[in-house]
Protein chains: 2
Amino acid sequence: MPKTKYIEIYEDLKEKIEKKFYEYQQLLPSENTLVKEYECSRNTVRRAIGNLINDGYVQTKHGQGARVIYQDFKQNEYMFGETESFKQFASRNHKKHETKVITFETLTVDETIHEHTLMPIGIEVYHIKRVRHLEGNPVIMDVNYFRKDVVKELTVDIAEDSIYEYLSKELNQRAVTAKRKMVVERTTEMDENYLKLDGFNSIVVVTSHIFNGDGVMFEHTQSRHTPGNFVFFDQKQTK
Amino acid sequence: MPKTKYIEIYEDLKEKIEKKFYEYQQLLPSENTLVKEYECSRNTVRRAIGNLINDGYVQTKHGQGARVIYQDFKQNEYMFGETESFKQFASRNHKKHETKVITFETLTVDETIHEHTLMPIGIEVYHIKRVRHLEGNPVIMDVNYFRKDVVKELTVDIAEDSIYEYLSKELNQRAVTAKRKMVVERTTEMDENYLKLDGFNSIVVVTSHIFNGDGVMFEHTQSRHTPGNFVFFDQKQTK
DNA sequence: TGGTATTTGTCCGTATGTATC
DNA sequence: GGATACATACGGACAAATACC
């Protein structure tokens, strides 16, 4: 699987910034210099730098250059909200994890579910409730709706392991676009029964709409996070 | 101030999607068609579409096209977290707003402040605490640190109006990059004294590092939002 | 099933404009 | 004013995935 040139350059520059070969506040070499260094066109260098801008690693200024604004961050232990599965997250952080399935059923989308999930009325969906445990503590409740025509035959076993692993490996399905909304709400009785709230009377509710490569919104998920374990990062650049 | 071509195309397509000229799940005209329509090069069309992808409006697939995945959203009344000032937000939503300055002082950054804000040790900063009122209710507490060498002469009057308006109009300074981190914490005594918490024992803490066009991190802000008034949207696309 | 056309993705080179140094 | 550097735009070539007949 050969990577593209601009991705290679992007990753190389990124690593050099992280390793402080290019330091905070320093200007990157000019585009023309990088063109010679990587033996490519200026467009390709610019695409690589464009990605670094999106990641908040550099900031460019017209006739000046691309300045490094990446700062080493005491990486938080917990870092939810990224586009990765619970299992991946737990593994990456070397955390003991477990998923318990509370509800597993098939439903037909009616008016009420449609209002809530934006799934088209009449289709069949899996409705799954799961509690995620981290180091033995129940910290997240996931409420999923999966389109059955896309995810085919789900089972409780798969839901206890990783639905995303199953989708990518067995069905070659991938989440391509994720739209999310975050709010904080008062806890419900359900939250109090299932989650370790540590005195909080609120819960972070992340509602996601997830599209596959065909542009089909195949998943609607409400993730209810205990506040103590929730962190979200974001960076934006005004054009 | 003439806009660039790709921005014009981007905005035109965006509007057509919002107005449902191009509908949900429909494919946009091919790049070559758009090239003829807008009388421009293919690269320019592709840049415009790239922006639509970033906004979560379309999703492209190799060999197929760009599919609209924009869905009308019951726009939430409150929508914090965007890159806009409190005053802009309040005005856009036709809300009565008011800002009360609690603390206004000049400090020299020491080890402790540096640890917390990443501002360089030894420089002078304004330290400002403000409570934001919306429709008469205190809903946000902002704790700012501004580099004095960048923001020059701040006053309490400016802080009560809009520091950002002052910066852009008087000093021609702009926030270019904003890095943010969101967590939920238990309320402090200060939160309880100053904010209308409506029974919540938690508070949404948004910590921001803000860079100007010269790559100087001139502002560090901790925004403490009452949970009931906090909404954050996000969309990501896997490459 | 297979071949062809369409469509997006990558990459290159060049030219011009504009901000910075 | 001149040199440097980024920003925009155009055009062309080829590859790869998809759609169509």
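A note on names: the letters A, B, ... follow the listed sequences, proteins ahead of strands, and every chain is numbered from 1. The model shown is predicted, which means the values in this text are computed figures rather than measured ones.
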Discussion item. Using a 4.0 Å cut-off on heavy atoms, which residues in residues 27-43 of chain A reach DNA chain D? List them by number, or say none.
Written reply: A:S30, A:E31, A:R42

Item to complete: Begin from the C-alpha positions of B:T207 and B:Q222 and carry the test side chain to side chain donor-acceptor pair (under 3.5 Å) through to its verdict.
Response: CA-CA 5 Å; B:T207 307; B:Q222 193 190 72; 4.6 Å; no

Worksheet item: Do the rings of B:F211 and A:Y24 sit parallel, tilted or perpendicular, given the 30° and 60° boundaries?
Response: perpendicular

Worksheet entry | Spacing between A:R67 atom CZ and D:dA5 atom P, to the nearest angstrom | 14 Å

Discussion item. If the cut-off is 4.0 Å, is A:T4 near the phosphate of C:dG9, judged by side-chain N/O to OP1 or OP2?
Written reply: no

Fill in: Row check, A:Y57 ring normal vs A:K14 NZ/CZ: under 6.0 Å, within 45°
yes

Worksheet entry | Any A:K5 side-chain nitrogen or oxygen under 4.0 Å from OP1 or OP2 of C:dC12 | yes

Fill in: Lys NZ or Arg CZ of B:K5 over B:Y38 ring: under 6.0 Å, within 45°
no

Discussion item. Tell me if the side-chain of A:H62 makes a donor-acceptor pair with the base of C:dT20, cut-off 3.5 Å, by modelled atom types.
Written reply: no

Discussion item. I need the residues from residues 45-60 of chain B with at least one non-hydrogen atom less than 4.0 Å from DNA chain C; give them sorted by number, or say none.
Written reply: B:R46, B:T60

Worksheet item: B:H220 vs B:H209 aromatic rings, parallel, tilted or perpendicular, using cut-offs 30° and 60°?
Response: perpendicular

Worksheet item: To the nearest Å, how far apart are A:Q64 CD and C:dC21 P?
Response: 5 Å

Discussion item. My understanding is that only one of B:H225, B:R132, B:R130 makes a side-chain hydrogen bond (donor to acceptor under 3.5 Å, both in side chains) with B:D142; could you say which?
Written reply: B:R132

Worksheet item: Could you state the NZ-P distance from A:K3 to C:dT10, rounded to the nearest angstrom?
Response: 14 Å

Fill in: Sidechain-backbone polar pair: B:H127 side chain, B:T106 backbone, donor-acceptor under 3.5 Å
no

Practice prompt. Begin from the C-alpha positions of B:R42 and B:E31 and carry the test salt bridge (charged side-chain N to carboxylate O under 4.0 Å, His left out) through to its verdict.
Written response: CA-CA 7 Å; B:R42 192 168 152 231; B:E31 291 173 359; 2.6 Å; yes

Worksheet item: For B:Y6 and D:dT8, is the shortest distance between a side-chain N/O and OP1 or OP2 below 4.0 Å?
Response: yes

